[in-house]
Protein chains: 2
Amino acid sequence: MFSIGELSRRTKVKVPTIRYYEEMGLLAEAERTSGNQRRYDKAGLERLSFIRHARDLGFSIEAILSLIELQDHPDRSCETATDIAVSQLSDVREKIKRLKLLEKELTRISKGCDGLGVSEDCYVLASLSDHEHCENEH
Amino acid sequence: MFSIGELSRRTKVKVPTIRYYEEMGLLAEAERTSGNQRRYDKAGLERLSFIRHARDLGFSIEAILSLIELQDHPDRSCETATDIAVSQLSDVREKIKRLKLLEKELTRISKGCDGLGVSEDCYVLASLSDHEHCENEH
DNA sequence: TCTTGAACCTCTAGTCACTAGAGATTGTAA
DNA sequence: TTACAATCTCTAGTGACTAGAGGTTCAAGA
């Protein structure tokens, strides 16, 4: 059994975040010492690692709650879990697509001023004022 | 002169968001009718278009505030504006990089279950539990 | 001119996933 | 025993809005 600080060190999840996860129902309520401090075991560590990994992958708290429920009731869990992962994947792909368009335009905008002496009118500001300049939708 | 609703229609920025931008100092306080309703002109429309475009490109409210200040004091504005745009660009590139790693792993995870009859242990859940499976850092 | 109802006003509170701080208590090593 | 780091709970703040309550104003049709 170890303290919340130790759990934090082992999982790289900050102490207040652990308490927050408990409050949100992602972590079961921890056992307590006689002095009311939380104590964790291997199971707690594993669950928190799971949560952290899922958060790193961009799953929302809500999605993780669903995944945890599936873990606890493993009948037919795989399909639903895959659905959640696939939907997360399409979110990520959507974001990448959008960011690439932004990258393109920001590159264009940033290059406008560079090296040239022309700074009477700022190209960056002009570009931002006028969406018509853009080469693609965003 | 037109109303906040009309401004909203023309810029595709929602009415409460326009009021929020005013409160944040992005938009100058609008003129008012005798009945206290906001009225806008072409200048207001242009500034809001600028803000919307910048927000679409992922600039923070704070960054936009800086850009607006530059617009209002155009001496040497171009360098600073370019700096802001370049920094925004590198943010975007960072995000793309990260998301691509996530895409890779989510693809791997999502494929695990597909088509196979093996659903005793869910591959999605197992993958999320164990970071060691991952092929790259994220 | 009057009436109706859509649009407007301000204010407060909620969203997500934490993060920060205050003030009090507990655990542990010297 | 003592010192002090770590823990506890609670409230409030972050960014960029969004939602809702409850009240007022505008403008078009009768």
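We name chains A, B, ... by the order of the sequence lines, and we start the count at 1 in each one.
- Nucleotide D:dG20 holds its P atom 15 Å from the CZ atom of B:R19, rounded to whole Å.
- We find that CD of A:Q37 is positioned 12 Å from P of D:dA6, with the value rounded to whole Å.
- Ion pair B:K42/B:E46 flagged as a salt bridge, since at least one NZ, NE, NH1 or NH2 atom sits closer than 4.0 Å to an Asp/Glu carboxylate oxygen.
- The distance between atom CD1 of B:I61 and atom P of D:dT14, rounded to the nearest whole Å, is 14 Å.
- The nearest whole Å value for the distance from the CZ atom in B:R32 to the P atom in D:dT25 is 13 Å.
- Side-chain atoms of B:R52 come within 3.5 Å of backbone atoms of B:T11 as a donor-acceptor pair (strictly under, hydrogens ignored).
- What separates CD of A:E23 from C1' of D:dC10 is a distance of 10 Å, to the nearest Å.
- Atom-to-atom, CD1 of B:I51 to C1' of D:dA16 comes out at 13 Å; the value is rounded to the nearest Å.
- Shortest non-hydrogen contact noted between A:L70 and A:I84 is CD1-CD1, 4.4 Å.
- Between A:E22 and A:R38, at least one side-chain N (NZ, or NE/NH1/NH2) sits under 4.0 Å from a carboxylate O, which counts as a salt bridge.
- Residue B:K14 has a polar side-chain atom (N or O) positioned under 4.0 Å from OP1 or OP2 of D:dT18.
- In this structure, B:Y21 reaches the D:dC17 phosphate: one of its side-chain N or O atoms is under 4.0 Å from OP1 or OP2.
- Side-chain atoms of A:F59 and A:D91, non-hydrogen and from C-beta on, never get closer than 4.5 Å to each other.
- For D:dT18, the OP1/OP2 oxygens have a side-chain nitrogen or oxygen of B:T17 closer than 4.0 Å.
- One can place CZ of B:R38 at 14 Å from P of D:dC26, the figure rounded to the nearest angstrom.
- No donor-acceptor pair under 3.5 Å is formed between the side chain of A:S87 and the backbone N or O of A:D83.
- Applying the 4.0 Å criterion to OP1 and OP2 of D:dT7, one finds that A:R39 has every side-chain N and O outside that range.
- Here chain B contacts DNA chain C (any atom closer than 4.0 Å to a heavy atom, that is under 4.0 Å), and the contacts span C:dC8 to C:dT10 from 5' to 3'.
- As rounded to whole Å, 14 Å separates atom P of D:dA5 from atom CZ of A:R9.
- Of the two residues near DNA chain C, A:F59 and B:G35, the one whose nearest nucleotide lies more 5' is B:G35.
- B:E23 has no carboxylate O lying under 4.0 Å from a charged side-chain N of B:R19, or vice versa, which leaves the two without a salt bridge.
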